[in-house]
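For reference, the structure discussed in these notes is given below.
In what follows, every chain begins at residue 1, and chains take the letters A, B, ... in the order their sequences are listed.
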There are 2 protein chains.
Amino acid sequence: MDINIKIGDRIRELRKRKEISQEALANLAEVDRTYMTKVETGKRNVTVKILEKIIIALDTDFGTFFNNNEFKK
Amino acid sequence: MDINIKIGDRIRELRKRKEISQEALANLAEVDRTYMTKVETGKRNVTVKILEKIIIALDTDFGTFFNNNEFKK
DNA sequence: GATGAAAAGTGACTCTTATGCCGTTGCACA
DNA sequence: TGTGCAACGGCATAAGAGTCACTTTTCATC
């Protein structure tokens with residue numbers, strides 16, 4: 001599966017777990033609300049810096065974010 | 001520490017473990033040799049797709065790549 | 001120590017794409 | 001029928017991807 005879709009799915013999963021909206025997460029990560037939609041739906045190929053902002057906004061870290069079966073070969 | 005430097009360091013670590021040159025890794029990942037240098041030294045803010053190519057070239061996966069103390073908060 | 005080759009790093013450049021920001025739409029539900 | 005949330009398309013601009021000529025470092029061998 002496409003890596004951007006996997007990442008979008010993972011962001012959505014962690015966001016729902018926190019019970020916040022895309023807009024709230026976007027504000028925490030300091031990115032645009034409509035951009036966050038595109039990231040979650042796998043339509044954007046994000047850079048590491050942006051992904052870091054989102055991961056921090058989700059109150060987690062890269063190790064935890066990628067510690068998921070979808071990211072194991 | 002800057003996330004791009006952390007990632008560059010991690011790539012270097014795994015590359016050395018495989019005992020191959022930047023050029024060899026660059027060829028495997030299908031990126032330019034000088035581009036690989038810049039990634040390893042943290043001078044590029046790579047996109048997820050490029051990082052994926054490098055991770056695959058290193059014969060690993062995202063889960064393993066980020067399963068490292070540098071990526072835990 | 002000198003020397004040469006392989007490996008790694010740098011600066012500058014073009015081309016491509018990520019990012020930020022619009023307006024608008026669809027949906028659920030009070 | 002209005003409000004919150006999510007998704008879409010398009011555009012401008014900033015920044016990433018890709019490449020080249022050149023320099024510096026590394027290191028084995030003399």
- Message: Can you see if the side chain of B:Tyr35 gets near the phosphate of D:dA17 - specifically, an N or O under 4.0 Å from OP1 or OP2?
- Response: yes

- Rounded to whole angstrom units, what separation is found between the CD atom of A:Glu40 and the P atom of D:dA7? 7 Å

- Query: On a plain distance test, is the side chain of B:Arg33 in donor-acceptor contact with the base of D:dG18 below 3.5 Å?
  - Reply: no

- Message: Rounded to whole Å, how long is the line connecting atom CD1 of A:Ile7 with atom P of C:dA18?
- Response: 13 Å

- Task: Could you check if a side-chain atom of B:Arg12 sits within less than 4.5 angstrom of a side-chain atom of B:Thr41, using non-hydrogen atoms only?
- Result: yes

- Message: I'd like to know if the side chain of A:Arg10 reaches the main chain of A:Phe65, judged simply by a donor and an acceptor atom lying under 3.5 Å from each other, with no hydrogens or angles considered.
- Response: yes

- So which one's nearest nucleotide on DNA chain C is more toward 5', B:Met36 or A:Val31? B:Met36

- Query: Is A:Thr37 near enough to D:dC8 that one of its side-chain N or O atoms lies under 4.0 angstrom from OP1 or OP2?
  - Reply: no

- Message: Between P on D:dG18 and CD on B:Glu23, what's the gap in Å once rounded to a whole number?
- Response: 17 Å

- Report whether B:Ile7 and B:Leu28 are members of the same hydrophobic cluster (ILVMFWY, side-chain heavy atoms less than 4.5 Å apart, transitive linking). yes

- Query: Can you check the A:Lys18 NZ to D:dC5 C1' distance for me, whole Å?
  - Reply: 19 Å

- Message: Can you give me the closest heavy-atom contact between B:Met36 and B:Ala29, atom names plus distance?
- Response: CE-CB, 4.3 Å

- For the side chain of A:Asn45 and the backbone of B:Lys49, is there at least one donor-acceptor N/O pair under 3.5 Å apart? yes

- Message: Please determine whether any donor N or O and acceptor N or O are separated by less than 3.5 Å between the side chain of A:Thr41 and the base of D:dC8.
- Response: no

- Message: Just the rounded figure in Å: distance from P of C:dT16 to CD1 of B:Ile50.
- Response: 15 Å

- Query: Which ones in residues 51-60 of chain A lie close to DNA chain C, meaning a heavy atom under 4.0 Å from one of its atoms?
  - Reply: none

- Item | Per A:Thr47 side chain, nearest of listed nucleotides D:dG9, C:dA18, D:dT19 | C:dA18

- Task: Ignoring backbone atoms, test whether B:Arg15 places a side-chain nitrogen or oxygen under 4.0 Å from the OP1 or OP2 oxygen of C:dA8.
- Result: yes

- Task: Return the nearest nucleotide to the side chain of B:Val46; candidates are C:dA18, C:dT10, D:dA17.
- Result: D:dA17

- Would you mind classifying the nucleic acid contact of A:Asp32 as base, sugar-phosphate or nothing, using non-hydrogen atoms under 4.0 angstrom? base

- Would one find a side-chain N or O of A:Arg12 under 4.0 angstrom from OP1 or OP2 of D:dA7? yes

- Query: Side-chain contact, heavy-atom cut-off 4.5 Å: A:Lys18 with A:Leu14?
  - Reply: no

- Message: Strictly below 4.0 Å: does B:Lys38 bring a side-chain N or O up to OP1 or OP2 of C:dT10?
- Response: no

- Message: Taking 4.0 Å as the cut-off, does a side-chain nitrogen or oxygen of B:Lys43 come that near to OP1 or OP2 on C:dG9?
- Response: no

- Query: Do you know which two heavy atoms are closest between A:Asp61 and A:Gly63, and how far apart they sit?
  - Reply: OD1-N, 3.0 Å

- Message: Of the listed nucleotides (C:dG20, D:dA6, C:dG9), which one gets closest to any side-chain atom of A:Gln22?
- Response: D:dA6

- Message: I need the CG-P distance between B:Asn27 and C:dA8, as an integer number of Å.
- Response: 12 Å

- Task: Could you tell me whether a side-chain N or O of B:Arg15 sits under 3.5 Å from a main-chain N or O of B:Leu58, the two making a donor and an acceptor?
- Result: no

- Task: Give the rounded distance in Å between these two atoms: CZ of B:Arg44 and P of C:dA18.
- Result: 15 Å

